[in-house]
Amino acid sequence: MTNNILDVLTFMFDFLFESAEQDSSQELDDDLLKTHLSEAGFDADRIEKALVWLENIAALQDGKIASFDTLHNSMRIYSEYEKTKLDSRARGFIMFMENMGQLNASQREIVIDQVMSLEDSKLSIDDLKWVVMMVIGNSTESSVPSQWIESIVFFDDNPTLQ
């Protein structure tokens, strides 16, 4: 297990979905979740960083950054540092999601901000899809069908909107 933040988050979401399916009336507390993650082999530091990372998405979605509009057909220019983590395929995926109207400019910036906060030097396209799914899933602005989000994360190497 590589024990990076996204590994912790992925494992956490799997556990939370399983727990919800078994007993949807019971809420999990942070201590139980941390214990489960620790028993799965994740170190306490990574668990804490993953929880903070997830809380940052919620804080950003709660209006901690101002929403802004872009002109039609405008283009986001990435810094050299951003390009070190987001290769051309990753930037293309973000642009695809934005051009399809599934990711607005504010959400795009949240995705980029969250990616940049990860410790990994490079991000795989699958990891980027997880970040996008988490941002969209926590957004109050999104009208993206959950099945489509799941399909781009779990199954589809060439996503299209149907």
Side-chain angles (χ1 to χ4, degrees), residues 2-17 20 28 30 33-34 37 42 45-161:
T2 62
N3 207 12
N4 71 29
I5 293 172
L6 286 174
D7 289 336
V8 177
L9 289 167
T10 302
F11 191 87
M12 181 186 347
F13 280 111
D14 287 343
F15 174 69
L16 291 173
F17 287 131
L28 288 173
D30 282 352
L33 182 59
K34 287 177 184 178
L37 291 169
F42 296 106
D45 184 50
R46 294 285 182 207
I47 293 169
E48 200 58 42
K49 285 181 181 180
L51 292 173
V52 168
W53 189 89
L54 196 56
E55 288 171 4
N56 285 341
I57 288 178
L60 291 169
Q61 294 290 8
D62 287 339
K64 301 288 188 210
I65 63 168
S67 181
F68 59 93
D69 293 323
T70 58
L71 298 173
H72 184 66
N73 292 330
S74 63
M75 178 177 273
R76 166 66 154 81
I77 305 297
Y78 291 84
S79 72
E80 290 303 315
Y81 181 62
E82 290 169 335
K83 289 178 187 178
T84 62
K85 283 202 177 186
L86 294 164
D87 63 14
S88 60
R89 186 171 179 213
R91 294 189 309 269
F93 178 75
I94 291 171
M95 187 185 314
F96 166 78
M97 292 294 290
E98 198 170 1
N99 287 340
M100 293 303 297
Q102 306 308 305
L103 196 65
N104 66 33
S106 296
Q107 291 166 327
R108 176 198 63 219
E109 293 306 312
I110 293 169
V111 167
I112 294 168
D113 185 61
Q114 290 300 105
V115 165
M116 298 310 292
S117 72
L118 294 171
E119 296 171 347
D120 299 339
S121 59
K122 282 245 182 220
L123 192 74
S124 73
I125 193 72
D126 290 334
D127 289 343
L128 175 62
K129 289 176 181 182
W130 269 102
V131 173
V132 170
M133 183 182 78
M134 287 185 248
V135 169
I136 291 174
N138 282 292
S139 177
T140 57
E141 304 171 20
S142 181
S143 62
V144 180
S146 59
Q147 296 86 359
W148 190 70
I149 294 173
E150 290 173 10
S151 75
I152 65 167
V153 171
F154 296 115
F155 307 114
D156 201 353
D157 286 336
N158 298 303
T160 56
L161 188 60

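The first residue of the sequence shown is numbered 1, and numbering continues consecutively from there.
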Q: Atom NZ in K129, atom CD1 in I136: separation rounded to 0.5 Å?
A: 12.5 Å
Q: Side chain to side chain contact (heavy atoms under 4.5 Å, CB included) for D127 and L118? Distances and angles first, verdict last.
A: CA-CA 11 Å; D127 289 343; L118 294 171; over 6 Å; no
Q: Looking at residues at least two apart in the chain, or sitting in another chain, which of them share a side chain to side chain contact (heavy atoms under 4.5 Å, CB included) with T84?
A: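 T84: side chain to side chain contact (heavy atoms under 4.5 Å, CB included) contacts with Y81.
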Q: What's the spacing between R108 CZ and I94 CD1 if we round to 0.5 Å?
A: 8.5 Å
Q: Can you list everything that forms a salt bridge (charged side-chain N to carboxylate O under 4.0 Å, His left out) with K85? Sequence neighbours excluded, please.
A: none
Q: I'd like to know if the side chain of E48 reaches the main chain of D45, judged simply by a donor and an acceptor atom lying under 3.5 Å from each other, with no hydrogens or angles considered.
A: no
Q: Please give me the minimum heavy-atom distance between Q102 and M100, naming the atom from each residue.
A: NE2-O, 2.9 Å
Q: Measure across Q114 and N56 and return the closest heavy-atom pair with its distance rounded to 0.1 Å.
A: OE1-CB, 3.6 Å
Q: Ignoring hydrogens, what is the shortest heavy-atom contact between A50 and V8? Give both atom names and the distance.
A: CB-CG1, 3.6 Å
Q: Please report the shortest heavy-atom distance between I110 and V135, naming the atom on each side.
A: CG2-CG2, 3.7 Å
Q: Taking atom CH2 of W130 and atom CE of M134, what is their separation to the nearest 0.5 Å?
A: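 These two atoms lie 6.5 Å from each other.
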Q: Is W53 close to V131 at the side-chain level, that is, under 4.5 Å between some pair of heavy atoms?
A: yes
Q: For a quick test of reading the model, state the closest non-hydrogen atom pair linking I47 to F42 and the distance between them.
A: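 Heavy-atom minimum between the residues: CD1-O, 3.6 Å.
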Q: Look up atom CD in E98 and atom CD in Q107, then write down how far apart they are to the nearest 0.5 Å.
A: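 Here the rounded value is 9.5 Å.
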Q: To the nearest 0.5 angstrom, please state how far the OG atom of S79 sits from the CG atom of L86.
A: 9.0 Å
Q: Applying salt bridge (charged side-chain N to carboxylate O under 4.0 Å, His left out), name anything that partners R76, two or more places apart in sequence or on another chain.
A: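 Residues passing salt bridge (charged side-chain N to carboxylate O under 4.0 Å, His left out) with R76: E82, E109.
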Q: Can you give me the closest heavy-atom contact between K83 and Y78, atom names plus distance?
A: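 Between these two residues, the closest heavy atoms are CE-O, 3.6 Å.
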Q: For side chain to side chain contact (heavy atoms under 4.5 Å, CB included), just list the numbers for L37 and R46, CA-CA rounded to whole Å, side-chain angles, deciding distance to a tenth of an Å, and then say yes or no.
A: CA-CA 10 Å; L37 291 169; R46 294 285 182 207; over 6 Å; no
Q: Can you tell if the side chain of K34 reaches within under 4.5 Å of the side chain of L51, non-hydrogen atoms only?
A: yes
Q: To the nearest 0.5 angstrom, please state how far the CE atom of M12 sits from the CG atom of L6.
A: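 It is 10.5 Å, given to the nearest 0.5 Å.
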